[in-house]
Amino acid sequence: MIQFTNTLTRAKQEFIPMEPGKVKMYCCGPTVYNFAHIGNLRTYIFEDTVRRMLEMNGFEVTHVMNITDVGHLESDADEGEDKMEKGAQREGISPWEIARKYEETFFNDLERLNIKRPTRTPRATEHVVQMIELIKKLEERGYTYTRPSGVYFDTSKFATYTELARLDLAGLQAGGGGRVDHNPDKRHPNDFALWVLNKPRHAMQWESPWGRGYPGWHIECSAMSMQYLGATFDIHCGGVDHIPVHNTNEIAQSEAATGCQFVRYWLHGEFLQMGESKMAKSADNFITLQTLVDEGYDPLAYRYLCLQAHYRSELKFSFESLDAATVGLRKVYATKAENDPLSSEQAFHDASEEVLAAINEDLGIPQAVGLLNRYSSYRLWTYFDAVMGLRFEERTQKAPETLPEDVAELARQRDAARKEKNWLLSDSIRQQLIELGYEVGDSPAGTTVKKRSL
RNA sequence: GGCGCCGUACCCAAGUGGCUAAGGGAGAGGUCUGCAAAACCUUUACUCAGCGGUUCGAUUCCGCUCGGCGCCUCCA
């Protein structure tokens, strides 16, 4: 039995897809105006394990992730400057080039983290027609009102607006501490733009029945998810920050348009904590995957770190814990194929049932990792790498490498020095080899040298 | 002002109404070694922020206090 904590009910529920054997899943993707940071990537790793776990259970998963390449306003206070344009100004290239550039680096990050490429990754700019159709439908059904600044969704017309986030609208309106900008065009503070009008400085614009403008940032997820997955689909994933606004609005506009349930299971990943606060692109305190690589870390060590924390708990990031994960993963890769502790079929079967049960209970990846470490079985690691995604076999079954000649020569010199008990020389050669990035050891056969894998 | 999350050993982090509170890292001791590295073995929370309550029994449920964080504006 598979169980997920469904944000809709705030309870663990058995997962049963609409169509036997098939799962339709949508995940909020990146806004491609800058590098993804490792906090963003934590969420994509979580979503990847959801998909992999479903596949291990025999489901055929259709995984859709949007690419947000339409710029949206920085805030209501900003006049016309959006993220895509901000990035474009920063780098002196067009918004379209910015979008393609960061889309590419995003996919590159996924690859390095061994995150499976989603089945489809539709771009918002290529689905403006579908968004307009959806807004038209909402307009026909009387859920919208149009003002000079745009077409808005009237949240007061959607009775279950507060359901997902359990919002207290009165409370939201009472406080705010000055953080909420009051847009005088909105009837209710929670109403949101479906189509934005009269922002001439905005670079990306399209014609629409309401005039030239661009889509509001929630509508793309509704339009694209329903196009590729249907009016109702099984799973929608995202970060916890999306619950009160983005996902809430997605539900409202989707269900108002179709009259049927939008998503059956909502799964939300918690944040990565950087020191005292969350990592944020706007705060400039973010670390990219490339930063980690530049510091000499293996992307999969970061993946391993993430696997050790439950997706619904905050994870405190530090280089100390990344170091710990690196050493830990190195030991995982050192698991020997010989003398497997689970040599009997019965033992292997029992152990894999135990690990799968952990994984299937609300994605208990951390417990599963704990079990895999405890069993320390090559067979078991190999089997469950389908979910863990640590490239276990690839990293453990590396073909014996051919050493560069200078390295081999140093090793020979060291053997000679050791034979003469010239410890001073042999130790200095060892140091040289280590600095070249090799692991050096002594065996009865002489110096052993191998490239450090991570 | 509203909504929500969290507080487990030096660090990261699982987990459970009651058998020995996972796992990883680090530390300590040992085997091995010319010395190391690696590996292996042993070891490290009578306790789960504090105080009350429910209970035969709570770290796990409830309340309060203290502390940390997130969202309510774009945000994974």
Side-chain angles (χ1 to χ4, degrees), chain A residues 7 10 27-31 33 36-47 68 71-78 82-83 86 162 165-181 183 189-190 217 237-246 248 268-273 276-283 286 304-305 307-318 320-332 334 336 358 364-374 376 418 421-424 426-427 430-431 434 438-443 448 450:
Chain A
T7 306
R10 309 287 161 108
C27 301
C28 286
T31 302
Y33 66 97
H37 57 64
I38 58 175
N40 299 319
L41 294 170
R42 181 190 180 197
T43 299
Y44 301 121
I45 290 170
F46 142 61
E47 291 160 354
T68 301
H72 296 287
L73 290 178
E74 283 287 301
S75 73
D76 287 348
D78 281 342
D82 69 57
K83 290 182 170 179
K86 205 174 170 185
T162 59
R166 308 198 170 180
L167 297 174
D168 172 352
L169 294 181
L172 286 175
Q173 289 170 46
R179 297 185 70 197
V180 179
D181 292 305
N183 178 343
N190 294 283
W217 84 284
C237 300
V240 283
D241 54 320
H242 280 153
I243 299 170
V245 179
H246 181 56
T248 289
H268 289 99
E270 256 296 350
F271 278 134
L272 183 75
Q273 287 293 127
E276 299 297 283
S277 61
K278 72 164 184 171
M279 196 175 287
K281 288 182 189 176
S282 50
F286 68 89
Y304 187 60
L305 176 66
L307 295 181
Q308 287 176 286
H310 190 87
Y311 75 94
R312 285 190 298 103
S313 298
E314 289 178 354
L315 169 59
K316 289 180 224 167
F317 178 83
S318 68
E320 195 185 352
S321 56
L322 185 58
D323 286 335
T326 300
V327 177
L329 183 57
R330 198 176 289 154
K331 287 191 176 168
V332 169
K336 294 278 180 292
I365 303 290
Q367 296 98 302
V369 170
L371 288 168
L372 289 171
N373 276 314
R374 196 133 55 111
S376 191
R418 291 189 76 237
K421 296 196 191 297
N422 186 345
W423 308 127
L424 222 61
S426 79
D427 286 355
R430 174 167 61 200
Q431 195 50 42
I434 289 171
Y438 289 85
E439 275 174 36
V440 182
D442 292 327
S443 78
T448 61
K450 72 175 186 190

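The sequence lines fix the lettering, A, B, ..., with proteins before strands; numbering per chain opens at 1.
- With hydrogens and angles ignored, the 3.5 Å screen pairs a side-chain donor or acceptor of Lys336(A) with a backbone N or O of Ala334(A).
- Candidate nucleotides G24(B), C74(B), G25(B) were compared by shortest atom distance to the side chain of Val245(A), and C74(B) ranks first.
- Taking atom CG of Leu167(A) as the reference point, atom P of C3(B) lies 11 Å away to the nearest angstrom.
- To the nearest whole angstrom, the two C1' atoms, one in A28(B) and one in G15(B), are 27 Å apart.
- Both thresholds, 5.5 Å between centres and 30° between ring planes, are not jointly met by Tyr44(A) relative to the base of A76(B), so the two rings are not stacked.
- Atom pair Tyr304(A):OH and A14(B):P shows a separation of 14 Å (rounding to whole Å applied).
- Taking all atoms of both residues into account, the shortest heavy-atom contact from Ile243(A) to Thr248(A) is O-OG1, 2.7 Å.
- Using N1 to N3 plus N6-O4 or O6-N4 for Watson-Crick, or N1-O2 and O6-N3 for G-U wobble, each under 3.5 Å, U16(B) pairs with nothing.
- Base-pair partner of A38(B): not found among the strands shown (Watson-Crick or G-U wobble, both distances under 3.5 Å).
- If you take atom P in C56(B) and the same atom in U20(B), they sit 23 Å apart, rounded to whole Å.
- With RNA chain B read from its 5' end, the first of the two nearest nucleotides for Gly39(A) and Arg430(A) is the one closest to Arg430(A).
- Between Asp241(A) atom CG and C71(B) atom C1' there is a gap of 8 Å when expressed in whole angstrom units.
- The C1' atoms of G1(B) and G53(B) are separated by 30 Å, rounded to the nearest whole Å.
- When the C1' atom of G15(B) is taken as reference, atom CD1 of Ile365(A) falls 16 Å away, rounded to whole Å.
- Look at G7(B): its Watson-Crick or wobble partner, with both distances under 3.5 angstrom, is C66(B).
- Note on Asp323(A): nothing from the nucleic acid sits closer than 4.0 angstrom, heavy atoms only.
- Atom CG of Asn373(A) and atom CD of Gln308(A) lie 7.0 Å apart (nearest 0.5 Å).
- Nucleotides A21(B) and C48(B) have their C1' atoms positioned 8 Å apart, rounded to a whole Å.
- Formation of a donor-acceptor pair under 3.5 Å by the Arg42(A) side chain with backbone atoms of Phe271(A) is found in this model.
- G70(B) and C61(B): their P atoms are spaced 24 Å apart (whole Å).
- Residue His242(A) is in sugar-phosphate contact alone, with no base atom involved, counting any heavy-atom pair closer than 4.0 Å across all strands shown.
- Rounded to whole Å, the distance from CH2 on Trp423(A) to P on A37(B) is 16 Å.
- Heavy-atom distances to RNA chain B give each of Ser376(A) and Gly441(A) a nearest nucleotide, and the one nearer the 5′ end belongs to Gly441(A).
- Each of G23(B), G34(B), A14(B) was ranked by its minimum atom distance to the side chain of Arg374(A); first place goes to G23(B).
- Atom-to-atom, CZ of Arg418(A) to C1' of A37(B) comes out at 12 Å; the value is rounded to the nearest Å.
- Residue Arg42(A) is classed as having no contact, given no heavy-atom separation below 4.0 Å to the nucleic acid.
- Counting any heavy atom pair closer than 4.0 Å across all strands shown, Asn373(A) reaches sugar-phosphate atoms only and no base atom.
- To the nearest angstrom, C1' of A37(B) lies 11 Å from CZ of Arg330(A).
- The nearest whole Å value for the distance from the CG atom in Leu371(A) to the P atom in G23(B) is 9 Å.
- A21(B): no Watson-Crick or G-U partner with both key distances under 3.5 Å is found in any strand.
- Paired with Tyr44(A) under the rule side-chain contact (heavy atoms from CB on, under 4.5 Å), one option of Cys27(A), Pro30(A), Cys28(A) passes, and it is Pro30(A).
- No hydrogens or angles were tested; on distance alone, a donor-acceptor pair under 3.5 Å links the side chain of Asp442(A) to the base of C35(B).
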Q. Does the side-chain contact (heavy atoms from CB on, under 4.5 Å) test come out yes or no for Val369(A) and Tyr304(A), once each step is laid out?
A. CA-CA 9 Å; Val369(A) 170; Tyr304(A) 187 60; 3.9 Å; yes
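- To the nearest 0.5 angstrom, Asp241(A) atom CG is 9.0 Å from Glu270(A) atom CD.
- If you take atom C1' in U59(B) and the same atom in G7(B), they sit 12 Å apart, rounded to whole Å.
- Residue Pro366(A) is classed as a base contact, given a heavy-atom separation below 4.0 Å to a base.
- In this structure a side-chain-to-backbone donor-acceptor pair under 3.5 Å is missing from His310(A) to Ser313(A).
- No donor-acceptor distance shorter than 3.5 angstrom exists from the side chain of Thr43(A) to the backbone of Gly269(A), with no hydrogens or angles considered.
- Out of C69(B), A14(B), A76(B), the shortest distance to the side chain of Gln367(A) is found at A14(B).
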Q.
Is there a side-chain contact (heavy atoms from CB on, under 4.5 Å) between Phe317(A) and Leu305(A)? Walk through the geometry before answering.
A. CA-CA 9 Å; Phe317(A) 178 83; Leu305(A) 176 66; 4.0 Å; yes
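- Nucleotide U60(B) has no partner under the Watson-Crick or G-U criteria, as no pair reaches both atom distances under 3.5 Å.
- Comparing U44(B) with G30(B), their C1' atoms sit 15 Å apart, to the nearest whole Å.
- Comparing A13(B) with C6(B), their C1' atoms are spaced 13 Å from each other, to the whole Å.
- Judged by Watson-Crick or G-U wobble contacts below 3.5 Å, the nucleotide C46(B) has no partner.
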(Q) At under 4.0 Å between heavy atoms, how does the protein contact nucleotides 4-12 of chain B? Give one character per nucleotide, 5' to 3', with B, S or -. (A) -------SS
